[in-house]
Amino acid sequence: MYAQLVKTSRVKAAEDMSEEERAFQARIDRGEKIEPKEWMPEEYRRTLIRQIGQHAHSEIVGQLPEGNWITRAPSLQRKAILLAKVQDEAGHGLYLYCAAETLGISRDELVAMLHSGRMKYSSIFNYPTLTWADIGAVGWLVDGAAIMNQVPLQRCSYGPYSRAMIRICKEESFHQRQGYDLMTKMARGTPEQKAMAQDALNRFWYPSLMMFGPSDKESVHSAQSMAWRIKINTNDELRQKFVDQTVPQAHYLGLTVPDDKLAWNEEKQGYDFSEPDWDEFYAVVRGDGPCNRDRLEARVKAWEDGAWFRDGLSAHARKARERQAAAKIAAE
Amino acid sequence: MSSEWPLWEVFIRGQHGLNHRHVGSLHAVDASQALRNARDVYTRRHEGVSIWVARSSDIVASSPSENGPQFEPAAPRVYPHPTFHDDEARPT
């Protein structure tokens, strides 16, 4: 999940709602999509801006750990795949920024909020990609976890978000397959390569589980988001689904999930597993993960270093418009 | 200078013979950059054979608050639908 800590208020009871709010909730309950210019509660708008904004920032910051390996990919084919994937993430960020902008916030405001730390991105991207196997682990686990959340969000109540999600899911699912393919090659390679694959799984397992956000016991704030259908499943439901899907894939690769307590539970037809270290999660969200400062610095630097170029293009476009206008007057 | 680039709406013809369909929006300084960016963002996988871009501010839209008077009068009129006609009455 790319939006981990988007809190909303408690669910409003029908008798506390205004007539407009009741009509709005009724539309959502009927499965209608809400479109940009239509009436919506202020809190719905604000929550969506935070959620879609976090999601967009995650796509953009998420390019950094993978971009780290483009120049060092072990073959031309792997390099081309990785380049195309990082390009896709940029595209996903853009779809999502546009969806957020339909809610009345500007792109510059969103970027400024990321750079000042007022808006977050997913905690997962604050972990380093130390070896080539990490690129496989990111595709397999991180994209796998993202898909768990994004597939149901295709049905969310806000039209532009839902449509962005549909486009993104198409591309994300084969990113995950590419990651798994990379892990398969490593796991079936030399003993050193297999050890690298195991090491990558060891380091990315718990951070991937954290992507779904805090446990439902802690996350009392999501009820309103679920009533509004901008969150479809609870954090723990998605985490369970992810574990159930991923553990057999790890077994197939001959890798060991780094969890002593992992065991199949016949009764619930799912795995029992250890929760991640939530203190670490909150530390990473607060800004004290292994790479938080690097990531934000890289984004701010890219923005500032590109300023002269953006300004240049604006100036060129303005002059072209002025020349055109002058030529038109002269012709008349 | 920090003025944000204008917003453009992007329409793509998916295949020959189909309509252009709205796929999303993007920021660009002018029309030619909007077309180039649209190609990069929305047609990375051969999703289109033609692109239109239009300044978002130039688009005139119907107002959602007037949806009732706008569209409801069409509801009771069954005769524009192909199912209105009686199959039995068709010349054989």
Side-chain angles (χ1 to χ4, degrees), chain A residues 20 23-24 27 32-40 83-102 105-112 159-161 163-164 166-168 170-171 174 303-304 307-321 324, chain B residues 1-15 18-49 51-72 75:
Chain A
E20 273 172 321
F24 177 82
R27 289 188 59 197
E32 282 181 33
K33 297 272 186 253
I34 308 302
E35 296 296 339
K37 295 273 157 54
E38 295 169 352
W39 186 89
M40 59 187 82
L83 257 176
K85 182 182 173 191
V86 172
Q87 205 177 38
D88 278 344
E89 313 292 2
H92 298 175
L94 294 178
Y95 306 154
L96 287 161
Y97 280 132
C98 287
E101 286 174 81
T102 62
I105 187 162
S106 76
R107 178 79 59 94
D108 281 2
E109 284 175 286
L110 286 165
V111 171
Y161 192 26
R163 291 189 286 273
I166 291 170
R167 297 185 72 84
I168 289 173
K170 269 191 207 155
E171 300 175 354
F174 81 76
W303 180 254
E304 287 175 353
W308 69 272
F309 187 65
R310 292 193 301 276
D311 290 350
L313 286 173
S314 296
H316 176 75
R318 195 185 59 243
K319 281 182 191 161
R321 265 197 311 277
Q324 231 173 16
Chain B
M1 197 162 59
S2 70
S3 65
E4 202 170 273
W5 291 353
L7 195 64
W8 301 75
E9 300 300 325
V10 181
F11 302 82
I12 294 197
R13 184 197 297 285
Q15 294 169 33
L18 296 183
N19 292 322
H20 282 79
R21 276 181 68 178
H22 183 246
V23 292
S25 50
L26 50 79
H27 289 272
V29 280
D30 58 21
S32 64
Q33 194 199 10
L35 270 180
R36 248 194 332 268
N37 289 356
R39 187 204 62 181
D40 289 348
V41 180
Y42 292 105
T43 65
R44 289 195 302 284
R45 294 192 173 75
H46 311 286
E47 287 96 335
V49 295
I51 304 175
W52 288 350
V53 291
R55 281 283 291 267
S56 307
S57 55
D58 289 341
I59 287 178
V60 183
S62 63
S63 159
S65 61
E66 284 161 22
N67 272 1
Q70 252 315 356
F71 303 114
E72 270 163 27

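We use all heavy atoms of the structure for the numbers below, so side chains are in, but hydrogens, waters and symmetry mates are not. Lettering of chains follows the sequences in order, A, B, ..., and the numbering in each one begins at 1.
When the shell of 6.0 Å around CG of B:D58 is examined, it contains more than 12 heavy atoms from other residues, nucleotides or ligands.
Heavy-atom minimum distance, B:R45 versus A:F174: NH2-CZ, 3.0 Å.
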Trace of the side-chain contact (heavy atoms from CB on, under 4.5 Å) decision for A:D88 with B:R44:
CA-CA 8 Å; A:D88 278 344; B:R44 289 195 302 284; 2.9 Å; yes
Under the criterion side-chain contact (heavy atoms from CB on, under 4.5 Å), I'd like the reasoning laid out for A:R167 against B:Y42: C-alpha separation, chi angles, the key distance, then a yes or no.
CA-CA 10 Å; A:R167 297 185 72 84; B:Y42 292 105; 3.5 Å; yes
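Heavy atoms closer than 4.5 Å to chain B are found in both the backbone and the side chain of A:L313.
Ranking A:Q87, A:E101, A:R321 against chain B, the residue ahead of the rest is A:E101, based on heavy-atom pairs under 4.5 Å. Of the listed residues (A:R107, A:E38, A:H316, A:E35), the greatest number of heavy-atom pairs within a distance under 4.5 Å of chain B belongs to A:R107.
Separation of atoms SG (A:C98) and CD (B:E9) is listed at 8.0 Å; rounding is to 0.5 Å.
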